[in-house]
Amino acid sequence: MTAETSQVSLPKLLALCLMVFAAFVTVDRAVSAGLKRVLLASHDRYLRVYQPEPAATYVVLGDSRAGAHFPHSAHDQPQEFFNLGQGGMGLPMSDALLRDYMATHGKPSQVIIETSLLADEGSGIGVAGLAQIYSTRVRHLVRQEDPASARISAWFHTLQFNHNRLIPALVGLFRERESRIYRGHISREVIQEVNAWEPFSLEIPERNAQVLTDMVAYLKAQDIDVVMVMTPLLPERIRKITNLRAFLDGLQALADATGVRFLNFIDHVREHRYFADSLHLNAQGRGIFLQDFWRQVGVPRALRGAH
Amino acid sequence: MTFNSWHFLVFFGIFFSLYLLTRGRWRMAITLVASYIFYGFWDWRFLGLLALSTAVDYVCGRLMGTATPRRRKQLLWLSVAANLSILGIFKYFNFFIDSAMAMVALMGLTPHEMTLSIILPVGISFYTFQTMSYTIDVYRNQLPVEKSLLVFATYVTIFPQLVAGPIVRASTLLPQLHVEPKITWRDLFAGFEWILWGYVLKACLADNASPVVDTAFAQPRIASSLQHLAAVMAFSFQIYGDFAGYSLIAIGLGRMMGFDFGVNFDTPYFATSFSNFWQRWHISLSSWLRDYLYIPLGGNRAGRFNEYRNLVLTMLLGGLWHGADWVFVMWGLLHAFYLILERLLAPLSQLACRLLRLPGWLRAAMAMLSVFTLTCFAWIFFRAQDLEVAAAIIGKLCDVGAYNFTPSLLSPQLALTIVMVTLVLGVEIASKIEPIKATYMRHPALRFAGILVMFQTILLFGAFTGSPFIYFQF
């Protein structure tokens, strides 16, 4: 009888389980340490926060609307813009990333906050939680939001890399450019669907108001200009917001209290052909919005001549 | 208690320790009790149903042993009727009532509301088919009558395959239960490998594909054509990863316990024909339907028309087995249509290949692509909430002008799904190349490295959402 075909006994099995567990942990530590080093060379924008390079003039914060409506770091003008906008982003994560960015890169001249972000209760760990491998701020946020997975990550470090953003981060090792510009235009079916929606309200959660107040105070203390902006929404979608006036007044009140400008472009673009869907302008719509936005804020050096 | 929960890890740890410490009837009794605990975790109220199904088939089997041929036939019908009644009441009652009421309403009459609030007992389709295989085999004298209730009850309920298969036939498992299972290091290692690969399929492939699929199917009219195309293809791998993953975990657990449950999936998306597909997909169900329905109906022995009729009936039942809904009826009929079309076109396609002098590999690749594409098309019905949604998605897919690209299409989940599909197909191709497989199987160090890679893959790419296995609902 060979060792392979001999009968299994419980004590030997327990000993084997311990050995296998030890092998799992050893490989886990090696893989996580290797990934931590490798990913720092990625062009993924959330990892570029931790790569030493000169600060951009403009940092854009927001959700997918900020990502789609404003120039993008690697796509449009690398030195001029750093756009952290992404669907599912939350204000607490934006705040942590901005502070990390400034600690690594220095001060931008202006921070633009797309205000749809303020109505989102999420923290944003699903978007940029991968940054926890380089950031104590983000790690703290992840621990607060998802204590169970944070506890398991203490056993297996590779779990910190188990994130939506891992594949884009790995792709970013080989690819520099990333476009968030929407193409095409909204279909009739989508407009009909939006028309059939139940009306809904937009609120600013207390936590977001507090995070914004702290963040603006921090930026102002460093002499950084802050602009809050509501970018255009599909008219049919606007009509579904039951408390639009109160929501916009709330944003204005927050801006006044913190001493920043609030620019409202929510109904600035009305034609369907300028929208890619109910939330995002397409390339043409984006151009129209940006032209008027820069007119109010001041055209960035890199874009002079283009608008 | 699902295989992808912490509860199960604890449960199996305790069970397996006791299993190793005991022998003979005690070991079997522990397996039986553990199986009832496992099932009771879902819903303890259905334990009685499980016991009833066990008791009916056990008694019918025992009585068949001494009965006259006429009485044996009556006992067979009693067993089949009891099992189908359980299925009929718990799984199909509302479907037939709803359909009948819809027909009455179509005739302009106002039917009374008759739908009952019936909960579907988990795994009911699996264990009723499993127990039916026993009485049919005993009736056909292909299997001796099982005298021990303990052995028979363990066969019906053995927990790794109780709730979502594979459907292990009595002729496969009962003889194994009569021999003291010998648990060797080789079986333990192989079982562990299968379990880990099963978890890779479930957590890394199926659960990552799930959001891509759910988003598109939840908004059939809003999602773009490209999104639907991606979702349909993602679903084909989600259902594969989910079900093949569960089967592998079940088979691996069985192997660790010293049992051979057989194979349930054999690289189905490499099938070169639909007949071949059904020899590779959910093998335990398709072979069950072949042996207990298609062949008794006459199979392909009584002329073309009867062969096609038998195919339609078999695939229709195969569709309905998955669920009491018109979408499953359509799915089954579509596959019947594919099988018939394949038989009708076989001479033509052979002639075309001869005339065009296509090389064998190109013919195989084209056949695989065609089978995969048509299978994906059928999956639309399987996944859609109803026929209206399926029609809306097919409409979108046919709208060539609506294939717009948006950045949101390339979601991280889709990217991860593509990576995982590539990985899984790569491993499956490698497993079919004999020198690679032989080298891998010969070297324990390579196999251990494989285990470490699988574990790291689960940690890095697994979606730990705790989502249940899709086939539990069947």
Side-chain angles (χ1 to χ4, degrees), chain A residues 1-10 12-14 16-17 20 23-24 26-28 30-32 35 64 67-68 87 126-127 148-149 152-153 156-159 161-171 178-185 187 189-190 192-194 276-280 282, chain B residues 6 13 16-21 182-190 192 203-204 208 211 219-225 256 258 392 395-396 399 401-408 410-420 444 448-449 451-453 455-464:
Chain A
M1 186 185 288
T2 64
E4 274 190 358
T5 54
S6 65
Q7 292 244 34
V8 174
S9 67
L10 189 57
K12 278 187 185 169
L13 180 62
L14 290 175
L16 183 75
C17 285
V20 170
F24 281 171
T26 309
V27 173
D28 168 75
V31 170
S32 59
L35 274 175
S64 64
V127 176
S149 73
I152 304 167
S153 301
F156 295 110
H157 294 182
T158 322
L159 276 173
F161 296 84
N162 183 319
H163 194 274
N164 276 339
R165 205 71 204 169
L166 180 61
I167 296 287
L170 289 170
V171 171
E178 182 192 10
S179 173
R180 302 297 304 172
I181 300 174
Y182 281 62
R183 310 278 171 199
H185 57 82
S187 65
E189 289 91 344
V190 176
Q192 281 166 6
E193 189 80 22
V194 174
D277 57 35
S278 72
L279 279 171
H280 306 104
N282 59 21
Chain B
W6 289 107
F16 200 57
S17 303
L18 292 171
Y19 191 79
L20 285 177
L21 289 171
K182 192 179 163 198
I183 303 149
T184 62
W185 291 106
R186 181 187 287 167
D187 286 338
L188 205 70
F189 193 78
F192 189 54
C204 301
N208 280 317
Q219 38 191 5
R221 281 167 202 86
I222 291 187
S224 69
S225 302
M256 286 174 84
K396 277 270 184 178
D399 187 357
Y403 279 77
N404 287 336
F405 175 80
T406 55
S408 58
L410 273 180
S411 62
Q413 282 86 3
L414 181 60
L416 200 47
T417 306
I418 293 168
V419 170
M420 284 301 125
F448 190 67
I451 280 181
L452 292 175
V453 170
F455 186 73
Q456 280 301 311
T457 306
I458 294 167
L459 285 184
L460 269 179
F461 300 113
F464 301 106

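What you see is a predicted model, and the numbers here were worked out from it, not measured in a lab.
In this structure A:Phe161 satisfies the ring pair (Phe, Tyr, Trp, His ring centres under 6.0 Å) test with no other residue, sequence neighbours excluded. By the side chain to side chain donor-acceptor pair (under 3.5 Å) test, A:Asp28 is found to be paired with A:Thr158, residues two or more places apart in sequence or in another chain being considered.
In this structure, the side chains of A:Phe156 and A:Val27 stay at 4.5 Å or more apart for every pair of heavy atoms. Here the side chains of B:Lys396 and B:Pro220 are not in contact, with every heavy-atom distance at 4.5 Å or above.
Contact annotation for B:Phe448: only side-chain heavy atoms (C-beta onward) come within less than 4.5 Å of a heavy atom of chain A. Contact of B:Ile451 with chain A is made through backbone and side chain together, with heavy-atom distances under 4.5 Å. Proximity to chain B (any heavy atom under 4.5 Å) is shown, for A:Leu13, by both the backbone and the side chain. With a 4.5 Å cut-off on non-hydrogen atoms, B:Phe455 touches chain A through its side chain but not through its backbone. The part of B:Phe16 that comes within reach of chain A is its side chain, from C-beta onward, which places non-hydrogen atoms under 4.5 angstrom from that chain. Both the backbone and the side chain of B:Leu460 come within contact range of chain A, with heavy atoms under 4.5 Å apart. Looking at B:Leu416, both its backbone and its side chain come within 4.5 Å of chain A, counting heavy atoms on both sides.
Of all the heavy atoms in B:Ser225 and B:Asp399, the pair that sits closest is OG-O, 3.7 Å. Nearest heavy-atom pair, A:Ile167 versus B:Ala415, reported as atom, atom and distance to 0.1 Å: CG2-CB, 3.7 Å.
Contact tally against chain B (heavy-atom pairs below 4.5 Å) for A:Leu16, A:Val31, A:Leu10, A:Val20: the top residue is A:Leu10. Ranked by heavy-atom pairs shorter than 4.5 Å toward chain B, the options A:Leu166, A:Val194, A:Asn164 are led by A:Asn164.
A distance of 5.0 Å separates OH of B:Tyr19 from CD1 of B:Ile183, quoted to the nearest 0.5 Å.
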